[in-house]
Structures are given as C-alpha cells and as structure tokens.
Amino acid sequence: MRKDAKGKIHFKIVFVGPSLAGKTTALKYLHDSVDGLMKGGLTSIADPSGRTVYFDFSPFSATNTVLFDVYTVAGQRRHKNQRKMILRGVDGLLYIADSRPDMKADNIEAAVELREFLGDKIGTDIPLVIVLNKRDITEVMTREDMLKDLGFNSDILAINTIATKGIGIKQAFQAVSREIIMKQVYKTDTIEAKR
Ligand SMILES: Nc1nc2c(ncn2[C@@H]2O[C@H](COP(=O)(O)OP(=O)(O)O)[C@@H](O)[C@H]2O)c(=O)[nH]1
Ligand SMILES: [Mg+2]
C-alpha cells in the first residue's frame, strides 16, 4: 500500500503464473469490459508476438480515495528478476494457472518461484486468489489435481475461468480486492484485538 501526493491510497495487485496462462488477457478483460470500476489507461509492454516482456499495468479506482494498481508479470523463465521487482510491495495476488495438462510443470514452477519470493506471506499478509484458466478447453486437468500440484494452502479460494470470454475474471478480481480491503483498511482482526 502507498499513499500518493493527493492522499489517495494505492493497493498493488499482481497477476502471476506461467507464460501464456492468460494473465494479459484477464487484465485486458477487466480493463475493457468490466463496468463499475473507474479506469485509467492500460499500458502493455509486449514484444511483436504479443508476449509480455516487462509487465502490463492498469489502475482501477473503486472510490475516489482507493485505487488498485494492477500488474501482470512477464511469465517467461528469463524474466525472473523483473518478476521479483514487480512483486515488491504487492498487496494481493492473482495466480493464473493454465488448465492444459501439458502446462502442469510450468504451473508448478511458477508457484514454487512465488513461494521463493514471498514465502509464508502468501495467503496470509498477502491475500491470494487462485485462477484456474482455460476451462473451455476439452482436455483440462481436474481442479483437485491442479490445486494439489500448486501446493498453496487448501483454504485459499480457487475460481475456474475462461479469460478469453471473461468468465470468472471479475469474480476473482473482486475476491482479492475485498480481501485486501478487509485486511488493510478495516483491519478487522486488529479491531477485535483492541476490544
Ligand atoms: N482457450 C483459451 N485460451 C485462452 C484463455 N485465456 C487466454 N487464452 C489464450 O492464451 C494465449 C496467452 O494469453 P496471454 O494473456 O497473452 O498470456 P500471459 O502470457 O499469461 O499474459 C493467448 O492466445 C490467449 O488468447 C482461455 O480462457 N481459453
Ligand atoms: Mg502477458
């Protein structure tokens, strides 16, 4: 979380996950098609084939004082240092997995790297929502197998999505932003503790 010069609060949400899982597609959908969010421009830094080479970024404002700065990382192996940088100061995570069976190893590798960067803050200090994308493909892995492979805590919310059609994407974004607000603005457990 950071406060800008005008006193607005910015929360940072990052889409993570392996290359080609659908991170950029999901952010584009939020930007282009979701009503009820005030939106700034979408900045994408991609190579000519459309692969994210650095990150994508779009700010969304929920209210006049609260903004969500949403990023996607570049998923290819060689961009590890950039991912580490983008994840600095992250307030909430959307992990996008690719449901195709041949993406199993890539999904696991990205989840392992995320734990390497953020450790046990994942799902505790930093809320996480798991996004199981490409559920429109006929040969998809089962939800159970995918969640077991990823190895995140079993109480973490997982949502089936089809990013190309926008199915489930808004719900995933709302879920993680709600968790961030509960944790950081209302500090529900802190208030309880003070009573
Ligand atoms: N069938 C299918 N394809 C998808 C879905 N989401 C993304 N894609 C495709 O997967 C490819 C990679 O998507 P992209 O958003 O660039 O992935 P990123 O590397 O994670 O940013 C593109 O060709 C997308 O159109 C989905 O839900 N279903
Ligand atoms: Mg991308």
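Atoms considered below: every heavy atom in the structure, side chains included; atoms not considered: hydrogens, waters and symmetry mates. Indexing begins at 1, ligand by ligand and atom by atom, following the structure's order. Just so it is clear, the model here is predicted, and its values are computed rather than measured.
- By the 6.0 Å contact criterion, NZ on Lys28 is open, its count of non-hydrogen atoms from other residues, nucleotides or ligands being 12 or less.
- Nearest heavy-atom pair, Tyr95 versus Pro18, reported as atom, atom and distance to 0.1 Å: OH-CD, 3.7 Å.
- Residue Asp98 comes nearest to Asn107 through the heavy atom pair O-ND2, 2.8 Å, listed as atom of the first residue, atom of the second, then distance.
- Protein heavy atom closest to atom 17 (O) of ligand 1, with residue, atom name and distance, is Gly22 N, 3.1 Å.
- Annotation: atom 16 (O) of ligand 1 to nearest protein heavy atom, Thr24 CB, 4.1 Å.
- For the pair Ile13/Ser177, a side-chain contact is recorded, criterion being any heavy-atom separation below 4.5 Å from C-beta on.
- At a threshold of 4.5 Å between non-hydrogen side-chain atoms, the residues Phe55 and Gln82 do not count as touching.
- Contact annotation: the side chain of Val140 approaches that of Arg135 to within less than 4.5 Å [non-hydrogen atoms, C-beta and beyond].
- Among protein heavy atoms, the minimum distance from atom 10 (O) of ligand 1 is reached at Lys134 NZ, 3.2 Å.
- Not a single N or O atom of Ile162, backbone or side chain, sits closer than 3.5 Å to an N or O atom of ligand 1.
- Looking at Asn133, Thr72, Thr25, it is Asn133 that brings a heavy atom closest to atom 6 (N) of ligand 1.
- The protein heavy-atom contact nearest to atom 27 (O) of ligand 1 is Ala163 N, 3.0 Å.
- Distances between N or O atoms of Lys23 and those of ligand 1 include at least one value under 3.5 Å.
- Contacts between Asp136 and ligand 1 below 4.0 angstrom, taking non-hydrogen atoms only, involve the side chain exclusively.
- Here the rule is side-chain hydrogen bond (donor to acceptor under 3.5 Å, both in side chains) with Thr161, and of Thr25, Asp136, Asn133 only Asn133 fits it.
- In this pair, Phe68 and Phe173 present their aromatic rings perpendicular. The plane angle is above 60°, beyond the 30 to 60° band.
- Looking at ligand 1, you won't find any N or O of Gly50 less than 3.5 Å from one of its N or O atoms.
- Shown here, atom 2 (C) of ligand 1 is in close reach of the protein: a heavy atom of it lies under 4.0 Å off.
- A heavy-atom distance below 4.5 Å is found between the side chains of Glu109 and Arg77.
- Of the protein's non-hydrogen atoms, the one nearest atom 4 (C) of ligand 1 is Thr164 CG2, 3.5 Å.
- In this structure, CZ in Arg51 is found 8.5 Å from NE2 in His79, a value given to the nearest 0.5 Å.
- At a distance under 4.0 Å, no protein heavy atom can be found next to atom 23 (O) of ligand 1.
- Lys12 places a side-chain N or O within donor-acceptor distance of the main-chain N or O of Arg88, the cut-off being under 3.5 Å.
- Any N or O atom pair closer than 3.5 Å counts here, and Ala21 shares at least one such pair with ligand 1.
- Summarising the geometry of Asp91 relative to Ile180, their closest heavy-atom pair is O-CG1, 3.5 Å, with the distance given to 0.1 Å.
- In terms of polar-atom proximity, defined here as any N/O pair under 3.5 Å, Leu20 does make such a contact with ligand 1.
- Residues Leu147 and Phe152 are not in side-chain contact: their nearest non-hydrogen atoms beyond the backbone lie 4.5 Å or more apart.
- Protein N/O/S atoms found under 2.8 Å from the Mg ion (ligand 2), listed by chain and residue number: Thr24 OG1, Thr52 OG1.
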